[in-house]
Each structure stands twice: as C-alpha cells, then as structure tokens.
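Reminder, nothing fancy here: chain letters follow the sequence lines and each chain counts from 1.
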Protein chains: 4
Amino acid sequence: MGAVKTKRMPRAVREQQMLDAAVRTFGRRGYMAASMDEIAELAGVSKPLVYLYLNSKESLFTACIRREARALTEAVRTGVRPDLPADRQLWDGLQAFFAHTAEHPDGWSVLHLQARTHGDPFAAEVRAMREEIVAFVTELIVVAAREAHSDPDLPEREVAGLAEALVGAAESLAAWTNATPGATARQSASTLMNFAWAGLSNLMDGRPWSPPVDEVS
Amino acid sequence: MGAVKTKRMPRAVREQQMLDAAVRTFGRRGYMAASMDEIAELAGVSKPLVYLYLNSKESLFTACIRREARALTEAVRTGVRPDLPADRQLWDGLQAFFAHTAEHPDGWSVLHLQARTHGDPFAAEVRAMREEIVAFVTELIVVAAREAHSDPDLPEREVAGLAEALVGAAESLAAWTNATPGATARQSASTLMNFAWAGLSNLMDGRPWSPPVDEVS
Amino acid sequence: MGAVKTKRMPRAVREQQMLDAAVRTFGRRGYMAASMDEIAELAGVSKPLVYLYLNSKESLFTACIRREARALTEAVRTGVRPDLPADRQLWDGLQAFFAHTAEHPDGWSVLHLQARTHGDPFAAEVRAMREEIVAFVTELIVVAAREAHSDPDLPEREVAGLAEALVGAAESLAAWTNATPGATARQSASTLMNFAWAGLSNLMDGRPWSPPVDEVS
Amino acid sequence: MGAVKTKRMPRAVREQQMLDAAVRTFGRRGYMAASMDEIAELAGVSKPLVYLYLNSKESLFTACIRREARALTEAVRTGVRPDLPADRQLWDGLQAFFAHTAEHPDGWSVLHLQARTHGDPFAAEVRAMREEIVAFVTELIVVAAREAHSDPDLPEREVAGLAEALVGAAESLAAWTNATPGATARQSASTLMNFAWAGLSNLMDGRPWSPPVDEVS
DNA sequence: AATGAATGAGGGTTCATTCAT
DNA sequence: CATGAATGAACCCTCATTCAT
C-alpha cells in the first residue's frame, strides 16, 4: 500500500504524492486524528522530507484544502458555458459538482467535513471557495430573474439566502449521493433542479422543471 | 469564566454541568481537539469526577450528542401541530428548527459538524436523528401532494431526494443564519419556504409562497 | 458476588470481611493491580470505611500478610506433635503445610508471590514467618542427626542451607500441587519426604523413606 | 547515575541499553510499580524512544523476560557436558545456575519473582523456560536411575515431583545465596547436591555425596 | 535529495486518599 | 456506624517536530 518507493524524484512530483497521501489521510481520519507518520508512510517518503517540502501539519492541511478547492471550482467552471441560459448553466454546474465530488470523496470530505470542524485558518479557506460558488449562483439567480422579466423585487438579502439554501442543498445531496447506492450524479442534479427551479408546488401540480435535450457531453 | 465553583452538588446536577461544558468545548474545538482537562475546568470540577460520572471521552461525547439530538427533535416536535396543513407544519417546524439552532449554536455544531466528522459510534447517533427528521419531512411532502390532488406520483426515490435536499438546505441555512448578522430564524424559515415550496420559477414570476396569517406567537 | 450487604456489624466482623476481600483481591491481582475500590466493593462496604478501619493500602496489605502468615504457621504447628520423632514431625508438618496452602490459595499467593515482589515493608513480614519455619526445620534436622548418632559434623552453615533447600522445595511443590490436577497434599508430602530424607541415591537403590503407619487423623 | 548520555547511537545498541535499564527496574520495583519514565531515564533516553523501539510496557517486559530466560538457559547449557555422568551433569548445571543468578540478580528477580506475579502473557513465558529446565533434570534423574541399575521404576509422576522439588529447592537456594553474605555459588551447589543426591539420612550417617575431583576451572 | 535518531509536550485514564454529612 | 462527593498526582502512550548526517 502507498506509493511505490522510487528514489530521487523531482520536487513537484514528490509534493503531489505527499498531497495525495495527505488528502486521503485527512479525508478519512480527520485533521487531528491524521498523523504525519501515516501520511509520510503513505506517501512513501520519510517524515523530514514532508516537513522540508510542506513545513508543518497546518500548512500541509492548508495546501490540501487549497488544492482540492481549486480542483472543485475548476471542475464546476469547466462544466458551465456562460453564454447559455441561466437554468442551463445551473444544471451543468450541478452535474459537474456532483460528478467531481463523487470522484474525489476524500477531497470532498476534506473540504466539506474536516476543514470546517477546525478553527479559522482552515474554515476561512473553505469559506472563500464557498463564497465564490455562492456568488456564482447568486448571479445566476439574478440573471434568471432579469431574463424572466421578473418583478424587480427579489431583495438582495433574500437572493443571498436563496443561493445559500441552494448550495447547502447541493452539498447535502452530494453526501447523500455518495452514500446511497444506485444514486447517480445526474439523478441528484435532476432532483435538485426540480426542487430549486420548479419548487414543490409546481412539482405537485405536475409542472416539473425539465432538463434541456441538447446536451454536449 | 466557567460555572461558579460550588462544592458538593448532587450527582444529577453535576452531570448536567459537565454536559454543558462538554457540548460547548466539543462544539467549538471538535472532538479530538477538545481536551478532558479543558472540559473539566470549564465545568468547575476535577477530571477524575468527569470520568467517574461519564466514563470516558467517547462516552461523554456520545452523551452530548444524545442530549442535543433529543433537545433539537423535541423543539421541532413541540413547534409543529399535526392537525394543520402540511405547508403550515413545515413552516412551523422550520421556524422551530432555526430558532433552536440559533439558541444552541454549540449543540448544533456538535450535531452537524463534529459528530459527523468521526467514525461510527458518533455518526450513527446523528444519522438516527437525521433520519427521523427526513422521515418527517418526507411524510409532509407526500401528504402535501395528496392534499394538492397531485398527479399520482412523485416516485419514491425522488421524494427521498427532495426531502434530503430540503433538510440539507435547512441545515446549511442554519449555519448561515448564525453567521450572518441581522439574519433571523423567521426570515430564514421564510426564505426556505419560498425556495422549497414555490421554487425559483414561481418566485421570479412574482408568485411566492406566503406565510399563513393566523400565527400564534 | 461479594459479601451480602448487611448493615451495622460490629467492627471486628467488618474487619474480617475486609481482610477476606483484600486477601482474595491481592492474591489474584497482585498488590499494585488490586484497587481499593475493588476491595471495598467485594467487602460490601464503602471505601472510607476501609480507610477508617485499616488506614491505608500499605497497612491493609500488611494486615493481610500477617493474618495469612499466622494462619499458616498455626496450621503447621497444630499438625506437628513435638514428642514424636523428627522425621515424623517433618512428615506431619509437610502434610499440614500442603493441605493449608491448597485450601487457601489466595492467602498462599499473597505470602509466596505478592508480598515478596514489593519492597521491604512487606517482604520483611514474610521473611520473618519464613525464618520461623526454617528455624523449625533446622532444629528438626539437628535433632534427627543427634537421634541418629550422626557424626557431629554437619556444620551450621550447611544445615542452614539444607533447611533452606527443603523449605524452598516445599514451597515450589505447593504451587505445583495446586496447579497439577490429581496431585494431592499427601502425595506431595510423600514425594518430598522421599526426596529430602532418603535422597536420590537411596531412592535409586530401592530404599525409599516410608511413611509411618499409625497416623492420627 | 544511569548510562552516560551519549547521543545518536545505532538502534541495536540503544535497545540493549533499554533492556538493561528495564531489567534492572522491573527486577527491583516489580512490573506494575516500575514506571516507563524511570526506565527511560535510567537508559539515558527519552520515553518516546523507548516506545518507538519496544512498543509498550507489556512488550518491553516480555522482551526482558525472553532475554533473561535465554541468557540463563544458555549459561546452564554451556556449563554442562552431556557426555559426563548424570550426577556430574547435575553438579555442573547447578554451579552454572547459581553462578549466573548471582551475577544477574535483577534478571533472576524478573524471571523468578516478577514475571510469575502477573497474568498469562508473562507467566507463560517463564513457564516455558522452567519446563525446559525441569525436563532436563527429569531426564537426568531417569538416566541416573538407569546407570545405577535401579529397581525398575520410579513411577513417572513421582519422578516429575522429584524434579519439581529439586528445581524448586535450587530456585529457593539461589535467592538465599544472594541474600546470605559469604554464601557462594559453589557452596550452594554442594549443599543442594548433598541434599538431593544423598538425602538427609545418608548425610546423617556420614555418607555425603562428594564432588568429583577432576574439575575444569 | 533524503533519512535514521531523538525529544518536549500534552492527552486520556486511573488510583489512593479525604471531606462533609 | 457509614457514605456520597471530590481530588492531586501519576502513569501509559502518542504526536508534531527537529537535528546530524
């Protein structure tokens, strides 16, 4: 188990191996329960090397958070085409989000569970990423409202709350999707679009939101 | 700071003081980072007494989880009148939920953040509570659909996903409410009802869900 | 398990109950591993009462040693009639010894194992008892030599060593007797008499020591 | 006091230092009363290093037992030449035994006192060594009987008891030798040979066992 | 570029012992 | 006569971190 012990690798590669090991360990054990010993062993290097490259446990954890946060936002950003209509953008973004979290459960655990349970150096890092996503969703809602010639009165605080709720629902569904056998990223995205876009009353009246037909990938 | 150091209290009282201190400490520091020393000091007792009454860190944490879970479900149950229509029940339940989590942020942290971050003795405890709540919400959705003479069927798995999303959104909004100055339990409940019940499309068409007028308190 | 919880007993009785519990616990767990909690519970009293009557763990252990030492020497003394010939006295004494240790394994463990493994307050106590027994055996050897019109030259130090060896063999056989199913006190006494009195060379020449026929009990 | 504080030693050396310190501490204080702190200090290292190399108190104690048991049996084995007559082998073995135990009193305490006082991981270890020795002595008695054209049979159980008694006597004399000023290994061996081989009756008749004349050292 | 050797500090747990009633 | 309530001190063990090579 752990990376094959190859000697003399360039620094960048070694660092990635260490981060891989760290994300996996932090994701499964939690920040405090993860030991530098275990991470070093899993990475196939000696502990001093980990310190040489990544300075401290705190700094290593921060590096993990940053790498995983960037990977997640990038995945979502890549999944969305800003020239399409708002609901389509949301739909694509959600699919990308669910797909990425399903493929990187340890990274998702680091971001969603572990980083938030400890004080501010870490929580702040995740908050930043989250705010970026919430801002994106907020903008989507505003644009959608404009496109729909909506009455002008979704007050700002209300929109913020809506975005927050939507993101929270997504996060929760991500965990649920990973834990429920047979639940797929696409299904979860669909459920959430129905919930968010159409709302329960529409759903119950038989007017669900329907996914666009001309998908790309 | 900490409880006033009063000597010779009956066991039941001391136990509550200890649980108070433990919930606060676990909620803020996390399970692993919290030290029994700190908890004992905050409770105003010596460490051996904590062990005498609560046996171990694990068992103490479990006791915290159980107490807080019971308090939360009780608060929600008390807020809801089962003879009222489904949307009114949901509205009342959400208000109770947001109010309780706002008043007990440490307890909420224990349940929502800390207990889930660590292995199965603890996570299972919370899962049980959460499943109870999800079941309640699921039932509400089913009843609402029936009341609305809905097209026969929201398929079962879909309903489960919706309930999951709604609960997740609520959990997320609870944190947001606590963290956002000026956000109140009532507002958050309102936002979430709009989001869940009416959906974004209705909202944007100027058809929000509107809270019932004949409130009690 | 443990003594029946009867209230208000005279001090002497309570003390014996405590010593019983202590001997059993010390004998099985060892001095350090035995906890005052366990002893008090087994005695059916509260811990402060144990301290009130017996002052401290050390003093309690000492009391155990003394009581068991006295019981053992008394048992041996009672088994021996000083007017009989030396070999008969030894034979009777050994039988009494093996019988007593077999009937009080915890007490024997306290004396033979536990008390010796810890520093001098305790070891000294046992040493005193042991020296009494060794002196008795030494005297027996001297008397026997005189009765046999022996050459006068068993030097004193030699006799001391012989007595020591005999007592050591007996102690060792006591443990062996308790641990070996089917081994009885009488057999062990017989084996040891053969060994000590006749010696291996006599045994091998078919001249064992033979037990007296006219036993009392 | 304690080893000179030399830094950076190879692991094998440090391990021996630790075992030395542990044997000394366990031998004098007993298993439970010995603290890892004391052992580490006596070894001239920090506690974590002891744990790094020897894993736990239990495992450290076991390592001590094994090392001392091996050293003792090796010493006896080395002292005996299997081509010599049985009584000579016994004589040589006893001398080696008394010499070794006198030179390693702490090791002997670990084996004879401490290890037996605590439960089965440890006691079993010593039992194994002891059984090896008892088997050796048993064989010696059987061979001696054959050499002496003994009446056909000392029954098997009887021989077992005799060997047990002889070994027990030796163990007991070992302690006595260490504790009695002026008692030497050679004298104790001689006393025990007389006792065991000739028996008291022969001794008292002036027919002691006499040590062989052509000794090596 | 990499590591074997080593430690200060702290955490969970238990125990003998004592008040105050 | 008897005890529920409480603690100071110590012990085993682990961890993040560094030095010398």
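For B:His118, the side chain to side chain donor-acceptor pair (under 3.5 Å) test picks out no residue, with sequence neighbours left out. Evaluation of the salt bridge (charged side-chain N to carboxylate O under 4.0 Å, His left out) rule for B:Arg11 yields B:Glu15 as partners, not counting sequence neighbours.
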Its dot-bracket string being built from Watson-Crick and G-U pairs below 3.5 Å, with | for another strand and [ ] for crossing, DNA chain F has the pattern .||||||||||||||||||||
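Whole-Å rounding puts the C:Leu60 CG to E:dC15 C1' distance at 15 Å. For B:Met32 and E:dG11, the CE to C1' distance is 9 Å, given to the nearest whole Å. Taking atom CD1 on D:Ile39 and atom C1' on F:dC12, their separation rounds to 11 Å, with Å as the unit. As a whole-Å value, the separation of D:Glu15 CD from E:dG4 P is 15 Å. As a whole-Å value, the separation of D:Phe26 CZ from F:dC11 C1' is 13 Å. Atom CE in D:Met9 sits about 17 Å away from atom C1' in F:dT21, given to the nearest Å. One can place CZ of B:Arg14 at 12 Å from C1' of F:dT7, the figure rounded to the nearest angstrom. Atom-to-atom, CZ of B:Arg29 to P of E:dG11 comes out at 10 Å; the value is rounded to the nearest Å.
A salt bridge (Lys or Arg N to Asp or Glu O under 4.0 Å) check over residues 116-129 of chain C, counting only residues at least two apart or in different chains, returns the pairs C:Arg66-C:Glu125, C:Arg116-C:Glu171, C:Asp120-C:Arg127. Applying the side-chain hydrogen bond (donor to acceptor under 3.5 Å, both in side chains) definition to pairs two or more places apart or across chains, those involving residues 44-53 of chain D are D:Asp37-D:Lys47.
Contacts of B:Arg11 with the nucleic acid, taken as non-hydrogen atoms under 4.0 Å apart, involve only primed sugar atoms and P, OP1 or OP2. Counting any heavy atom pair closer than 4.0 Å across all strands shown, D:Ala34 reaches sugar-phosphate atoms only and no base atom.
By the 4.5 Å heavy-atom criterion applied to side chains, C:Thr117 and D:Met32 are not counted as neighbours. The side-chain heavy atoms of A:Leu60 and A:Lys57, taken from C-beta on, include no pair separated by under 4.5 Å.
A residue-by-residue look at B:Tyr31 and C:Ala33 shows that B:Tyr31 has its nearest nucleotide of DNA chain E further toward the 5' end.
Between C:Arg29 and C:Gln114, the side chains place no donor N or O within less than 3.5 Å of an acceptor N or O (distance only, hydrogens not considered).
Contacts between residues 46-59 of chain D and DNA chain F, defined by a heavy-atom separation under 4.0 Å, are made by D:Lys47, D:Pro48, D:Tyr51, D:Ser56, D:Lys57.
Aromatic ring pairs are classed by plane angle as parallel below 30°, tilted from 30° to 60° and perpendicular above 60°; the pair A:Phe61 and A:Phe122 is perpendicular.
Annotation: D:Trp108 is in aromatic contact with D:His112 [ring centroid separation under 6.0 Å].
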